[in-house]
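The structure under discussion appears below in the form of structure tokens.
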Amino acid sequence: MQVSVLASGSKGNATLVAMNGAKILIDAGISATRIKKALAAENVDAANLDAVLLTHEHRDHVAGLATLARWYHLPVYSRRKTLASLPISIQQAIADASRTDTLVPDSLFVAEDVAPYGATKSLLHPVDGAFRLAGLRITPFSVPHDAADPVGYRIEGDSTVTVCTDLGFVTQSVAASIDGADVLVLEANHDAELLKNGRYPWPLKRRILGNHGHLANTDAAWAVAHLERRPRDIFLAHLSQENNRPDLAKETVSNILAGQGIEIPLHVTKQDEAVRLR
Ligand SMILES: [Zn+2]
Ligand SMILES: [Zn+2]
């Protein structure tokens, strides 16, 4: 099992989970060129990805998706509302990639019978509950965030990996969904004091601090402390470059956990560099 957070933060997110022979990318929020290079550094050819799972449609999670679809014709999974909320340019690029994937030449179709588009096997896969993909069981779970239908993912094979970023707070159902994972990728977006005293305008501060914003370092720590079955490794993800610092995020979370007698290795993810666990 390999988890490589290729990039994480408000400027772009992408995570590779490789398990049981399957290779899955969660979010494609950095350029396709960067994704291709970052995957190559993990010894993964982007063309061999089994799928891209999207958490939500915000730009820092989908920016590289159109080009990635054009190059590799990868199937894309997410909630229906998220797929429908993708920028039109991305939807068009994926539709074009779907069309070139068709195995039946358009000329074989009788116009009034089946339109050429009928031959298209869409690369967009709307999902609601758990589904199987390349031998893995994948469960999307809803998270509170200001997007159409944002989710985290629980990915189960020989091991269990949960990816949970971009959420205002940890609901009971989120807690149940991330419980019992071997590896947890969890948002530690900001230090509440840094944010409150920082230079962001108040409406933006209010958005981040709100129930549909982003998770504070302390909230991430307490979410872990309250788990029944805790992970053996944690990635702290989606750190704000403005309202957090890697050392502060790590220290805050580890201090709260230590106070509860808990010790778990913390891996702080980066915006411009991959952080991995094999
Ligand atoms: Zn984000
Ligand atoms: Zn977001």
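Whatever order the structure lists ligands and atoms in, that order sets their numbers, starting from 1.
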Should the pair Phe235 and His267 be assigned to parallel (<30°), tilted (30 to 60°) or perpendicular (>60°) ring geometry?
-> tilted
When the ring planes of His145 and His214 are compared, do they come out parallel, tilted or perpendicular, using 30° and 60° as the limits?
-> perpendicular
Atom nearest to the Zn ion (ligand 2) - [X], N, O or S atoms considered:
X: His56; result: NE2
X: His58; result: ND1
X: Asp166; result: OD2

Joint cluster assignment, Val5 & Val17, ILVMFWY side-chain distance < 4.5 Å | yes
Test of ring centre spacing under 6.0 Å for His238 and His61 | yes
Ion pair present between Asp149 and Lys81, side-chain N to carboxylate O less than 4.0 angstrom?
-> no
For the Zn ion (ligand 1), the closest N/O/S atom belonging to Asp60 = OD2
So which N/O/S atom does His238 have closest to the Zn ion (ligand 1)?
-> NE2
